[in-house]
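Below is one structure, written out as structure tokens; the observations come after it.
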Amino acid sequence: MSYSPPKTPVARLVPQRDLYEPKPARIVRTIDETATEKLFEIELISGNPLGHQPGQFAQVFVPAIGEAPISLASAPNGRKSFDMCIRRIGDVTGALHKLQPGSLVGIRGPLGHGFPVDELKGHDVLIVGGGIGLVPLRGLIQAVLAERKNYGRVIIFAGFKTPADMMFRDELAEWQANSDIEMHISIDRAHPDWDGHVGVITTFFPEVELNAARTKAVIVGPPIMYRFVITECRLKGIADDDMILSLERRMRCGVGKCGHCQINSKYCCLDGPVFKYSDLKFMWEAI
Ligand SMILES: Cc1cc2nc3c(=O)[nH]c(=O)nc-3n(C[C@H](O)[C@H](O)[C@H](O)COP(=O)(O)OP(=O)(O)OC[C@H]3O[C@@H](n4cnc5c(N)ncnc54)[C@H](O)[C@@H]3O)c2cc1C
Ligand code: FES
């Protein structure tokens with residue numbers, strides 16, 4: 001694949017204080033979702049809402065440790081606080097998991113482009129979330145449910161490796177009980193603690209009828225999942241322009257300065273993390 005250097009628009013180089021300075025924030029409460037994932041409800045000390053859209057992320061700063069980009073896991077929906085669901089994996093996330101309600105952190109954001117919520121209105125929305133991919137999608141689902149009448153069918157495919165990996169259990173149960181949503185949950189392999197659907201997330205596609213012309217698909221999951229889900233969406237007739245993906249790349253600055261998250265001419269932090277598949281497919285090999 002040939003390389004073309006990114007053209008950085010001048011506007012991107014203008015320093016904006018807000019983008020570089022973490023806002024002081026307080027952890028309101030935490031909930032253990034799984035053995036390694038914890039939900040954090042966070043509020044800014046200023047008392048202002050963060051002003052985010054579902055699908056955006058923020059850099060979470062732990063004093064003396066560092067920063068990590070984390071998805072915003074709740075819809076604004078008139079709330080002052082917001083949620084993040086964080087997997088304990090290393091220095092920053094490990095330090096976050098040790099913090100108690102009342103602890104202070106820094107929040108830099110909201111950053112990036114979120115899901116095109118307005119573009120989804122009037123369409124059937126197929127939401128495909130694999131594992132921790134359900135975290136940013138939770139905010140989208142909450143936003144869609146808050147204005148349910150503006151959307152057509154809402155179909156959710158959620159897949160987890162094992163029952164122990166299932167997060168947001170109470171909400172999953174609520175969504176399953178909600179007749180306004182077609183909720184499908186799967187576990188990769190049979191397990192004594194699970195009597196529901198078994199199989200990888202793509203096994204739902206042959207079972208569920210979709211009206212491709214009306215459907216927009218929003219897909220978030222581990223890298224391996226995208227290729228297979230995109231293939232299934234195409235088999236159903238969903239256009240590349242109607243597939244919306246959120247990508248996770250290594251990030252540092254989060255604001256288009258350091259180049260760590262660059263994929264060809266796109267900065268994942270600035271142009272994404274949410275992209276249309278039609279904008280990505282020509283560089284898919286590089287992802
Ligand atoms: C846009 C975006 C949204 C994200 N949203 C969430 C979220 O909602 N919840 C969540 O738990 N995590 C999320 N992540 C991933 C999260 O940022 C990383 O897990 C975190 O930065 C790790 O920091 P650490 O200091 O704890 O780990 P480190 O000590 O830096 O690293 C620990 C290990 O994890 C690996 N690692 C670190 N970052 C990544 C990465 N981005 N991809 C693959 N491997 C990595 C390192 O190579 C190392 O092996 C998101 C990342 C991005 C870019
Ligand atoms: S993280 Fe620095 S350019 Fe995207």
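All ligand and atom numbering here is 1-based and tracks the order in the structure. Keep in mind that what you see is a predicted model, and the values were worked out from it rather than measured.
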In the protein, what heavy atom is nearest to [atom], and what distance, to one decimal place, separates them?
{"atom": "atom 14 (N) of ligand 1", "result": "Pro69 O, 3.4 Å"}
{"atom": "atom 51 (C) of ligand 1", "result": "Glu248 CG, 3.2 Å"}
{"atom": "atom 11 (O) of ligand 1", "result": "Arg87 N, 2.6 Å"}
{"atom": "atom 37 (C) of ligand 1", "result": "Arg250 NE, 4.1 Å"}
{"atom": "atom 27 (O) of ligand 1", "result": "Gly90 CA, 3.4 Å"}
{"atom": "atom 22 (C) of ligand 1", "result": "Ile89 CG2, 3.6 Å"}

Report, as yes or no, whether the 6.0 Å neighbourhood of atom CZ on Phe205 holds more than 12 heavy atoms from other residues, nucleotides or ligands.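 Yes.
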Distance below 4.0 Å between [atom] and any protein heavy atom?
{"atom": "atom 49 (O) of ligand 1", "answer": "no"}
{"atom": "atom 16 (C) of ligand 1", "answer": "yes"}
{"atom": "atom 40 (C) of ligand 1", "answer": "yes"}
{"atom": "atom 30 (O) of ligand 1", "answer": "no"}

Find out if a path of hydrophobic residues (ILVMFWY) with successive side-chain heavy-atom gaps under 4.5 Å connects Val60 to Met251.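 No, Val60 and Met251 fall in different hydrophobic clusters.
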At less than 4.0 angstrom from any non-hydrogen atom of Val92, what atoms of ligand 1 do you find?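 This gives 24 (P), 25 (O), 26 (O) as the contact atoms.
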Salt bridge (Lys or Arg N to Asp or Glu O under 4.0 Å) for Asp279 and Lys276? Distances and angles first, verdict last. CA-CA 5 Å; Asp279 292 332; Lys276 284 188 175 176; over 6 Å; no
Can you list, by chain and residue number, the protein N, O or S atoms under 2.8 Å from atom 2 (Fe) of ligand 2?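 Protein N/O/S atoms under 2.8 Å of atom 2 (Fe) of ligand 2: Cys253 SG, Cys258 SG.
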Can the positive tip of Arg138 be found less than 6.0 Å from the middle of the six-membered ring of Phe168, inside 45° of the ring normal?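 Here Arg138 passes the 6.0 Å and 45° test against Phe168.
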Within the structure, is a non-hydrogen atom of Ile132 found at a distance of less than 4.0 Å from ligand 1?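 For ligand 1, residue contact (heavy atoms, under 4.0 Å) with Ile132 is present.
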Looking only at heavy atoms, is any part of Arg249 under 4.0 Å from ligand 1, and if so is it the side chain, the backbone, or both, or is it neither?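 The answer is the backbone of Arg249.
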What part of Met251 sits under 4.0 Å from ligand 1 if we count only heavy atoms: the side chain, the backbone, both or neither?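 Contact part for Met251 vs ligand 1: side chain (C-beta onward).
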[Y] versus [X], side-chain donor and acceptor atoms under 3.5 Å:
{"X": "Glu41", "Y": "Ser81", "value": "yes"}
{"X": "Ser278", "Y": "Asp240", "value": "no"}
{"X": "Ser103", "Y": "Gln100", "value": "no"}

Flag the pair Glu43 and Arg26 as a salt bridge only when some basic side-chain nitrogen lies within less than 4.0 angstrom of an acidic carboxylate oxygen.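 Salt bridge present between Glu43 and Arg26.
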Between Arg108 and Glu21, does at least one N-O distance fall below 4.0 Å, as a salt bridge requires?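 No, this pair does not count.
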Where the side chain of Asn178 meets the backbone of Asp180, is there a donor-acceptor pair that is under 3.5 Å apart?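 It does hold such a pair.
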For the side-chain contact (heavy atoms from CB on, under 4.5 Å) test, which of Ile185, Thr203, Ile187 pairs with His197?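 For His197, the side-chain contact (heavy atoms from CB on, under 4.5 Å) check succeeds only for Thr203.
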With sequence neighbours excluded, what pairs up with Arg214 under the salt bridge (Lys or Arg N to Asp or Glu O under 4.0 Å) test?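 Arg214: salt bridge (Lys or Arg N to Asp or Glu O under 4.0 Å) contacts with Asp124.
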Which of these, Ala68, Ala58, Ser246, has its nearest heavy atom closest to atom 20 (C) of ligand 1?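 Nearest heavy atom to atom 20 (C) of ligand 1 lies in Ala68.
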Quick one: which of Gly112, Gly66, Cys85, Ser71 has a heavy atom closest to atom 6 (C) of ligand 1?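 When every heavy atom of Gly112, Gly66, Cys85, Ser71 is considered, Ser71 comes closest to atom 6 (C) of ligand 1.
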Classify the ring geometry between Phe204 and Phe157 as parallel (under 30°), tilted (30 to 60°) or perpendicular (over 60°).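 Rings of Phe204 and Phe157: tilted, as their planes differ by 30° to 60°.
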